[in-house]
Amino acid sequence: SYPQERLAFMVADAEVSVVVASRSVVGVLPESVAEVVVLEDVWDDIASGGENVVKVEVGADDLAYVMYTSGSTGQPKGVAITHRGIPGLAKYMYGAFEHSTPRRILHHTSMNFDLSVVEYISALLCGSTLVLADPDIKAVGDDLARVLVEQVIEIVLITPTALATLPEESLPYLRYIAVGGEACPIDLAQTWSPGRFFFNGYGPTESTIVVCMAKYG
């Protein structure tokens with residue numbers, strides 16, 4: 001959904017050589033992309049497991065992903081994150097959210113925001129279920145509350161601003177709330193922490209998302 005100029009900049013700046021995309025968005029990709037793998041064309045091979053699996057040795061200092069800043073102060077900056085910090089973050093999330101019992105965690109954050117990476121890590125690297133929200137649903141208010149109930153969501157990572165829009169009536173399955181991305185007012189923590197585990201986290205993108213997290217109450 002980004003403008004063509006922004007997409008072209010990111011592809012060139014990150015030196016992207018291959019893009020995996022669904023057929024519906026191939027037409028908006030920059031011409032500078034060297035190779036496009038259309039997901040629908042290879043889905044059967046992926047689903048079958050395939051025999052041509054390439055094993056790649058990955059070290060702690062190898063690149064895991066590049067996250068682009070909003071560019072509000074100028075040209076967007078690509079932040080290169082290695083694998084080094086990911087195991088530690090996964091280990092903390094495993095304990096904080098008690099993943100010894102598999103949990104259901106909602107993925108509703110834009111992939112352009114590093115909180116989304118915590119959603120992946122807090123499910124896929126912890127033996128739990130990552131529930132993908134419909135991208136057309138507003139991740140606030142009654143729409144979000146409906147998803148939390150219908151999808152039996154136990155864990156949600158959310159900004160304080162979005163959390164404040166949720167109706168305060170019962171969300172029976174929600175047991176773990178982690179807020180971040182901005183300052184959390186104390187009254188918000190007091191409202192949502194009774195009967196739940198409430199965490200407040202902070203960290204810049206450069207530090208593998210989270211540098212500190214505390215449980216309230």
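Counting from 1, the numbers follow the sequence of the chain as shown.
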Pairwise distance [atom1]([X]) to [atom2]([Y]) - rounded to 0.5 angstrom:
| X | Y | atom1 | atom2 | value |
| --- | --- | --- | --- | --- |
| Asp134 | Leu132 | CG | CG | 10.5 Å |
| Leu166 | Leu171 | CG | CG | 6.5 Å |
| Tyr2 | Phe9 | OH | CZ | 11.5 Å |
| Glu206 | Met67 | CD | CE | 11.0 Å |
| Phe199 | Cys212 | CZ | SG | 13.5 Å |
| Arg146 | Gln151 | CZ | CD | 12.5 Å |

For residues [X] and [Y], determine if any side-chain heavy atom of one lies less than 4.5 Å from a side-chain heavy atom of the other.
| X | Y | answer |
| --- | --- | --- |
| Tyr216 | Cys184 | no |
| Leu144 | Ile137 | no |
| Val210 | Leu89 | yes |
| Leu106 | Leu148 | yes |
| Ile105 | Thr129 | no |
| Ser122 | Ile155 | no |
| Asp62 | Thr82 | no |
| Met213 | Met93 | yes |

Expected output: side-chain [X] to main-chain [Y] donor-acceptor under 3.5 Å:
| X | Y | value |
| --- | --- | --- |
| Arg175 | Tyr173 | no |
| His108 | Leu157 | yes |
| Ser207 | Gly203 | no |
| Arg196 | Ile177 | no |
| Asp143 | Val140 | no |
| Glu182 | Thr161 | yes |
| Glu35 | Val19 | no |
| Thr165 | Ala162 | yes |
| Ser128 | Arg103 | yes |
| His107 | Tyr120 | no |

Treating Ile, Leu, Val, Met, Phe, Trp and Tyr as nodes and any side-chain heavy-atom pair under 4.5 angstrom as an edge, say whether [X] and [Y] lie in one connected cluster.
| X | Y | answer |
| --- | --- | --- |
| Ile153 | Leu163 | yes |
| Tyr68 | Leu29 | no |
| Val117 | Tyr176 | yes |
| Leu39 | Val37 | yes |
| Val131 | Val149 | yes |

> Does one side chain, of Ser24 or Ser22, offer a donor that lies under 3.5 Å from an acceptor on the other?
Replying inline: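 There is such a pair (donor and acceptor under 3.5 Å, judged by atom type) between the side chains of Ser24 and Ser22.
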Taking every non-hydrogen atom, the tightest pair across [X] and [Y]:
| X | Y | answer |
| --- | --- | --- |
| Ala189 | Pro194 | O-CD, 4.4 Å |
| Ser17 | Ala34 | O-CB, 3.4 Å |
| Cys126 | Ala90 | SG-O, 3.6 Å |
| Pro160 | Ala183 | CG-O, 3.6 Å |
| Phe113 | Ser116 | O-OG, 2.8 Å |

> Given Arg23 and Asp41, is the side-chain contact (heavy atoms from CB on, under 4.5 Å) satisfied, shown in steps?
Replying inline: CA-CA 9 Å; Arg23 192 178 305 282; Asp41 293 345; 2.4 Å; yes
> Is the distance between the ring centroids of Phe197 and Phe97 under 6.0 Å?
Replying inline: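 Centroid distance Phe197-Phe97: not below 6.0 Å, so no.
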>> Test side-chain contact (heavy atoms from CB on, under 4.5 Å) on Val179 and Ile158; report intermediate values, then the result.
In response: CA-CA 5 Å; Val179 296; Ile158 191 169; 4.0 Å; yes
> Do Asp114 and Thr205 pass the side chain to side chain donor-acceptor pair (under 3.5 Å) test, and can you show the C-alpha distance, the side-chain angles, and the key distance before you say yes or no?
Replying inline: CA-CA 7 Å; Asp114 61 7; Thr205 295; 2.8 Å; yes
>> Under the criterion salt bridge (Lys or Arg N to Asp or Glu O under 4.0 Å), I'd like the reasoning laid out for Glu154 against Arg104: C-alpha separation, chi angles, the key distance, then a yes or no.
In response: CA-CA 5 Å; Glu154 299 169 87; Arg104 291 175 63 82; 5.7 Å; no
> Does Lys77 pair with Asp13 as a salt bridge, N-O distance under 4.0 Å?
Replying inline: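 Asp13 and Lys77: not salt-bridged.
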> Passes side-chain contact (heavy atoms from CB on, under 4.5 Å), Val66 versus Ile81? Steps please.
Replying inline: CA-CA 6 Å; Val66 176; Ile81 303 299; over 6 Å; no
